[in-house]
Amino acid sequence: MKIASWNVNGVRARLDHVSGWLETNQPDVLALQETKVMDEMFPFDAFKPLGYQVSIYGQKSYNGVALLTKKIPTEITKGVEGFSDDQTRVIAGVCGGVLVINVYVPNGQSVGSEKFDYKMSWLKHFYAYLQTLLKVHQKIVILGDFNIAPADVDVHDPELWKNKVLCSDNERRWLNQILDLGFIDSFRLFEQEEGLYSWWDYRAAAYRRKMGMRIDLILISDALKKECIKSYIDEVPRGQDRPSDHTPVLIELS
DNA sequence: ATGGTCGATAGTCGA
């Protein structure tokens with residue numbers, strides 16, 4: 001089973017990119033973030049002819065997540081249980097016996113801002129939600145735009161970003177707390193080249209200058225470790241015309 | 001280079 005995640009920064013603006021990528025890569029599951037569209041305006045018709053089911057949790061202009069799947073998922077849930085939130089950031093469902101949790105973690109703007117406080121609160125409630133899910137599910141994949149670079153190796157210039165948003169100790173502490181529940185950052189199960197990232201800011205020609213970060217992650221529960229045979233980043237879409245600022249990340253399960 | 005560029009949307013906000 002091939003499972004992928006991609007922050008598309010507007011699914012309507014990226015229709016050709018996503019359709020083409022699905023045709024080429026044929027994932028069983030593609031988790032999208034920042035779809036930026038209300039449910040009734042989601043471009044269902046673009047994906048159904050390609051053989052994909054669409055499960056969505058959208059809103060106008062901001063946020064929005066979706067699961068594109070070859071088979072209809074079961075047990076679809078939206079949002080973080082126990083956390084009242086008008087921002088649409090989580091959609092989950094069971095695909096091929098695996099609970100797939102698609103997340104768009106808040107960006108946080110800057111350390112100490114109101115949006116950063118919201119990010120911290122969101123992470124706290126998401127952590128509590130995971131604890132309850134772990135009582136029911138063993139095989140879990142959490143994937144999406146985490147807006148957290150796990151370690152300095154995931155940052156193009158760690159000194160510049162030291163204790164800045166996406167890299168601060170408090171954010172990394174929450175990520176590590178989640179990992180301590182029994183999850184693995186799948187990317188680090190395998191030997192990787194240096195300087196592999198999943199996001200490059202549109203500004204300051206960051207992609208051309210290789211100024212990126214790995215903030216799009218696929219966490220797998222311990223029960224899936226033996227089944228995970230591959231975890232990688234597909235940098236191709238980021239180099240295309242009018243790209244998203246993020247590029248897809250993938251895993252393969254045996 | 002302490003700025004820049006996008007998407008959704010209709011003046012800005014958020015990333």
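In what follows, chains are A, B, ... by sequence order, proteins preceding strands, each numbered from 1. Predicted, not measured: the structure shown is a model, and the values here were computed from it.
Geometric assessment of A/Lys48 against the ring of A/Tyr52 yields a negative cation-pi assignment under the 6.0 Å and 45° thresholds.
The aromatic rings of A/His156 and A/Tyr197 stand perpendicular to each other, their planes meeting at an angle above 60°, with 30° marking the opposite boundary.
When the shell of 6.0 Å around NZ of A/Lys78 is examined, it contains more than 12 heavy atoms from other residues, nucleotides or ligands.
Partners of A/His17 according to the ring-ring contact (aromatic ring centres under 6.0 Å, His included) rule, which considers only residues two or more places apart in sequence or in another chain, do not exist here. When the ring-ring contact (aromatic ring centres under 6.0 Å, His included) test is applied to A/Phe126, the partners found at least two apart in sequence or on another chain are A/Trp122.
Where A/Asn7 and A/Pro243 each meet DNA chain B at their nearest nucleotide, the meeting point lying more 5' is that of A/Pro243. Comparing A/Ala205 and A/Thr35 along DNA chain B, the residue whose closest nucleotide (by nearest heavy atom) sits nearer the 5' end is A/Ala205.
Separating the C1' atom of B/dG4 from that of B/dG14 is a span of 16 Å, rounded to the nearest Å. Annotation: B/dG7 and B/dG3 have their P atoms spaced 24 Å apart (nearest Å).
Across residues 100-113 of chain A, A/Tyr104, A/Asn107 each have a non-hydrogen atom less than 4.0 Å from an atom of DNA chain B (numbered order).
Rounded to an integer number of Å, the gap from NZ of A/Lys60 to C1' of B/dA10 is 10 Å. Whole-Å rounding puts the A/Asp245 CG to B/dG7 P distance at 9 Å. In this structure, A/Glu159 places its CD atom 20 Å from P of B/dT2, rounding to the nearest Å. Remark: C1' of B/dA15 and CZ of A/Arg14 are 13 Å apart, rounded to the nearest angstrom. Taking atom CG of residue A/Leu166 and atom C1' of nucleotide B/dG14, one finds them 13 Å apart after rounding to whole Å. Rounded to an integer number of Å, the gap from A/Arg203 CZ to B/dG3 C1' is 9 Å. Remark: P of B/dG14 and CD of A/Gln59 are 11 Å apart, rounded to the nearest angstrom. Taking atom CZ on A/Phe42 and atom P on B/dG7, their separation rounds to 17 Å, with Å as the unit.
Residue A/Asn102 is tested with A/Val141, A/Leu30, A/Val65 for a side chain to side chain contact (heavy atoms under 4.5 Å, CB included); the sole match is A/Val65.
By the 4.5 Å heavy-atom criterion applied to side chains, A/Ile3 and A/Leu143 are counted as neighbours.
Using a 4.0 Å heavy-atom distance criterion, A/Ala204 is classed as a base contact.
Counting only heavy atoms from C-beta on, A/Tyr62 has its side chain closest to B/dG14 among B/dA15, B/dA8, B/dG14. Which of B/dT5, B/dG14, B/dA15 sits closest to the side chain of A/Glu34 comes down to B/dA15.
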